[in-house]
Amino acid sequence: MPKYFFSLEELFGDIIIFKGEKFHHLVNVLRIKQGEEITLCDGQSKDYQTVFMGVQNKNSAYFKIKDSFPCPNEPNFLISLYQALPNKADKLDLIIQKSVELGVHEVIPVQTSRSIIKAKSKENNNKSSRLQRIAEAAAEQSERGKIPQIHKAHTFEEALKFMDSQKLWLVAHEKEQRTLKSIISEKPPCSVGIWIGPEGGFSDNEIELLIEKGAITFSLGRRILRTETATITSIAQVLVLWNE
Ligand code: SAH
């Protein structure tokens, strides 16, 4: 059985009640049996071992909590992904799905000077809730303890303002030669922000502004990777280098 997240509104004492999509999926698609055990997660890194009690009113699935324990699957440092908007919307879907599976804490889509898709503010809200659902499904499938937040798209200038001194800031840059391995210290920082450029790359000016803000540029090797490949590789390397 996959792991599902529940919200406080679905919790009634030691009973969790699912309706709607989760009800349909568990009862009609996965055909969960009465007495079957399933892990449910509160999205705050706490897992609950529960037993399926049955269906009421044909639309509510009841689960009784037996036990709870900390979810062991969250990385021990936070990764914020600053992803330049790629040239096709479905590429962002893939980037979010894969980066959530790997363990990012949040994704901030960024409109850079060479991003072809523009973040229209009207669409931004709908789009970000759709992307949030992609993140939730990926977090469930990879048995995360938290649902990463997918922020609405920001302009490059807005995103620059999020660059505080609390994080280690890294920028994947195809013109750089030093590798992540040569930059990264043995001890992980509490949190790291990784910037990935769009298909056309970051402009020289953007790279300068990022460096001015304290970011370190790094290479992923001699071959130029597509933006989605660069994202997945960078996250995987950071995780491996800090023993995750
Ligand atoms: N415009 C560039 C390629 C951009 S690739 C060109 O055609 O030469 C898209 C993004 O992926 C880049 O902005 C960078 O963030 C990342 N990237 C791709 N290959 C990389 C590499 N070998 N090293 C570091 N970053 C890379």
Side-chain angles (χ1 to χ4, degrees), residues 75 77-119 127 131 134-135 138 148-164 167-185 188-189 191-242 244:
F77 56 95
L78 303 178
I79 303 175
S80 301
L81 172 64
Y82 283 70
Q83 173 68 52
L85 285 171
N87 62 12
K88 283 198 189 122
D90 58 355
K91 223 177 235 190
L92 187 60
D93 296 4
L94 177 99
I95 288 169
I96 286 172
Q97 185 190 54
K98 299 306 167 209
S99 59
V100 168
E101 282 172 39
L102 284 164
V104 295
H105 167 67
E106 60 181 350
V107 180
I108 301 93
V110 183
Q111 190 185 317
T112 63
S113 59
R114 294 184 188 154
S115 293
I116 292 170
I117 304 183
K118 300 282 177 241
K127 209 175 262 175
L131 296 174
I134 293 177
Q149 192 182 351
I150 312 304
H151 296 258
K152 68 181 180 64
H154 286 278
T155 61
F156 182 81
E157 290 70 27
E158 286 167 348
L160 267 192
K161 294 194 187 125
F162 301 150
M163 292 179 74
D164 54 32
K167 284 188 178 53
L168 171 66
W169 293 98
L170 301 169
V171 185
H173 187 37
E174 64 283 3
K175 293 181 189 151
E176 182 53 73
Q177 288 191 349
R178 67 186 158 205
T179 59
L180 265 181
K181 199 174 171 186
S182 69
I183 297 167
I184 277 177
S185 61
S191 87
V192 50
I194 306 178
W195 286 75
I196 309 287
E199 284 79 356
F202 287 114
S203 67
D204 291 345
N205 182 42
E206 285 166 344
I207 291 287
E208 264 171 41
L209 290 168
L210 287 166
I211 293 173
E212 243 169 55
K213 283 277 190 179
I216 305 169
T217 49
F218 67 91
S219 165
L220 290 165
R222 293 191 303 279
R223 290 161 298 282
I224 306 285
L225 309 176
R226 283 183 186 270
T227 181
E228 65 274 29
T229 317
T231 305
I232 296 167
T233 311
S234 302
I235 298 167
Q237 285 201 14
V238 163
L239 289 167
V240 170
L241 289 168
W242 281 318
E244 266 291 336

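Numbers here simply count residues along the sequence, with the first being 1. Ligands are counted one by one from 1 in listed order, and the atoms in each one are counted from 1 as well.
Using a 3.5 Å distance cut-off with no hydrogens or angles, the side chains of Ser80 and Glu106 do pair a donor with an acceptor.
In terms of protein heavy atoms, atom 13 (O) of ligand 1 is closest to Gly197 CA, 3.2 Å. If you check which protein heavy atom lies closest to atom 5 (S) of ligand 1, you get Leu225 O, 3.3 Å. Regarding atom 16 (C) of ligand 1, its nearest protein heavy-atom neighbour is Ala230 CB, 3.4 Å. Closest to atom 20 (C) of ligand 1 among all protein heavy atoms lies Glu174 CB, 3.9 Å.
Per-residue contacts place Gly201 under 4.0 angstrom from the following atoms of ligand 1 (heavy atoms of the residue considered): 1 (N), 4 (C), 13 (O). Counting atoms of ligand 1 from 1 in the listed order, those under 4.0 Å from a heavy atom of Gly200 are 1 (N).
The shortest N or O to N or O distance between Ile196 and ligand 1 is not under 3.5 Å. Residue contacts with ligand 1: Arg222 is placed with no nitrogen or oxygen under 3.5 Å of a nitrogen or oxygen of the ligand (distance criterion only).
Using a cutoff of 4.0 Å between basic side-chain nitrogens and carboxylate oxygens, Glu158 and Lys161 are not scored as salt-bridged. A salt bridge links Lys91 to Glu199: one of the charged nitrogens lies within less than 4.0 Å of a carboxylate oxygen.
Of all the heavy atoms in Leu85 and Pro198, the pair that sits closest is O-CB, 3.8 Å. The two residues Pro109 and His151 make their nearest non-hydrogen contact at CD-O, 3.2 Å. Taking both residues in full, the closest heavy atoms of Ser219 and Glu176 are given as CB-O, 3.2 Å, listed atom of the first, atom of the second, then distance.
The one candidate from Phe162, Trp195, Tyr82 that meets the ring pair (Phe, Tyr, Trp, His ring centres under 6.0 Å) condition with Phe156 is Trp195.
Here Glu199 has backbone heavy atoms under 4.0 Å from ligand 1, and that is the only part of it that gets that close. The residue Arg226 has no part lying near ligand 1, judged by heavy-atom distances below 4.0 Å. By the criterion of a heavy-atom distance under 4.0 Å, the backbone of His173, and not its side chain, is placed next to ligand 1. Contacts between Ala84 and ligand 1 below 4.0 angstrom, taking non-hydrogen atoms only, are absent altogether. Here Ala172 has heavy atoms under 4.0 Å from ligand 1 in both its backbone and its side chain.
No more than 12 heavy atoms of other residues, nucleotides or ligands shown are found within 6.0 angstrom of CZ on Arg226.
For the side-chain hydrogen bond (donor to acceptor under 3.5 Å, both in side chains) test, residues two or more places apart in sequence or in another chain that qualify with Thr112 are Ser115.
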* Intermediate values then yes/no, side chain to side chain contact (heavy atoms under 4.5 Å, CB included), Ile184 and Phe218 -> CA-CA 10 Å; Ile184 277 177; Phe218 67 91; over 6 Å; no
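Among Leu220, Ile224, Thr229, Thr231, the residue whose heavy atom lies nearest to atom 6 (C) of ligand 1 is Ile224.
Residue-ligand proximity: Phe218 is placed with a non-hydrogen atom under 4.0 Å from ligand 1. At least one heavy atom of Pro198 sits less than 4.0 Å from an atom of ligand 1.
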